[in-house]
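All values reported here derive from a predicted model rather than from experimental measurement.
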Amino acid sequence: MKQKLDAEHQQNGADLLIKCLENQGVELIFGYPGGSVLPLYDSLYDESIPNILTRHEQGAVHAAEGYAKATGKPGVVIVTSGPGATNVVTGIADAMIDSVPLVVITGQVTTPGIGKDAFQEADMLGITVPITKNNYQVRDIEELPRIVNEAFHIATTGRKGPVLIDLPKDITTLKANPKIDNVVQLESYQPTTTPSILQIERLMNLLKKAKKPIVLVGGGVVAANGGKELRQFVEKYQLPTVSTLLGLGLLPYDHPNFLGMGGMHGTYAANMAMMETDLLINIGSRFDDRLACSPDAFAPHAKVAHIDVDPVEIGKIIKTDVPIVGDAKIALEQMLSIEVEAPECQEWRELCEERKVKYPLKYERDEEIIKPQEVVEIVGRITEGKAYVVTDVGQHQMWAAQYYPFQFPKQLITSGGLGTMGYGIPAGVGVKFGKPNESVVVFVGDGGFQMTNQELAILNQNNLDIKFVLMNNQSLGMVRQWQEKFFNERRSQSVFHEQPDFMKMAEAYGIANKKITEPNNLEKELTEAFATPGPMLIEVMICNREHVLPMIPAGMPNDQMLGVD
């Protein structure tokens, strides 16, 4: 009798997986069906989790990244085997280097066909080992709930990142009745989140003696939801603060202690502060080469304290005097709980403020041609600095980072470490799904736009009011800039001599559109465009010779900035 009841309550692997996702609180899935995941999509037909049908698997994974970055919740992707699965590799690599929590479920050929070059087979475990926190291939339906639990746990704890579940088709059709719970038992995975209080005390003792302290903040503080604690700490000790690209918004752009973004296209005040500091407190930044452009010459006079949840990052690039492994928010709470005298560094603060005032970001306006920096500034005014800003990759990305008035954490959604062209449009879609009641603006270049613009097809179907600002300089702008600076202006394959009519492309997708060509009408036309309800493509023809400045040439110290008077 018991066996009969158990059999009646059995469900196939596809239904079981959906139940496991529901148990994890998954709100939506970004995916694309195919042969090996047809049982899954048959289950989704009747289930409560909506699938957002992107137009390409790369679009699905970037949309999941945008959703995850904006909400802090894990993004979930389902794609089919073979080419469907390999199409998400770029997005997985992007998520890995930017520490974005994703659970990516790839279909696989049936278990007997694995390793036999079956139709649409790809070795996703082998392919994704270097670009995932962990990956699984389900070989037993009874193991499915455990694997799903572990995948979500690993993706969302410690240094967050992508986890892949490879799911053979026959597993989705077999039947079983395993227990679904949230129990996770991983003896070998116990990330350190609470820092050593002794190391925190060492840091605070160094702080009270410092004459030129600064705080460097990165994406780790954003991921830890430590923005409030960071602001309290900086204000308590009145510390000059520098941000990485992914740390923008942790302090408002106009905060008196904020010196701006540091690194290759950072501000003079920020880069000089990092070069002259005697105590650099790095919270949640990995000292990548776009920030520490010449590691051997970086912060040469400083004691370096590095707080990071990933112990691998500490000491990897910059010699660290006070290594602190742990969650950035918890570390900041500990730092705030220890009372020490504020450092005597009034002259240092005044010097940093003087540089900030004397050497601001600047550009020359032009009556004949639209300057991209002005486009970003005007959009900032129109949105009152409150929009979620999504970018693709290239010059427009840096102009957005430099000139948009960021005010809160998670506000900038961009591809940092991998620099993935084609990221912007689908990531903007993901952000809007995660923040449906907030303003979302996507800055995209004409190069990146042509990589993933097919995702515009899902805007009207899902009532996504996103404003896409296509900054068209008729070239691969950043590639062209480097060629003009360092390759004797030999613009090899970086200029688009022919382009599609982007307005007609928007019309094909049923999207409102506007093309802006005159600088004197720029603010008026942008204001009208942003006041138009629904999704809109706004093409702005910008100067095709403009460079992103300041700029530190690759490999040069941070005080060797081009474009600073």
Mind checking whether Y268 and Y359 have parallel, tilted or perpendicular rings, split at 30° and 60°? tilted
Is there a side-chain contact between [X] and [Y] in this structure, where contact means two heavy atoms from C-beta onward sitting under 4.5 Å apart?
X: M536; Y: F468; result: no
X: T80; Y: Y32; result: no
X: T391; Y: L412; result: yes

When the ring centroid of [X] is compared with that of [Y], is the distance short of 6.0 Å?
X: F408; Y: Y388; value: yes
X: H62; Y: Y423; value: yes
X: F258; Y: Y253; value: no
X: Y403; Y: W399; value: no

Do E65 and K69 pass the salt bridge (Lys or Arg N to Asp or Glu O under 4.0 Å) test, and can you show the C-alpha distance, the side-chain angles, and the key distance before you say yes or no? CA-CA 6 Å; E65 286 187 274; K69 281 191 172 185; 5.4 Å; no
Any donor and acceptor pair, going by atom type alone, linking the side chain of N558 with main-chain N or O of L291 inside 3.5 Å? yes
Around atom CZ of F487, are there more than 12 heavy atoms from other residues, nucleotides or ligands closer than 6.0 Å? no
Should [X] and [Y] count as an ion pair when the cut-off is N to O under 4.0 Å?
X: R159; Y: E313; result: yes
X: E377; Y: R365; result: yes
X: E539; Y: K514; result: no
X: E438; Y: K386; result: no

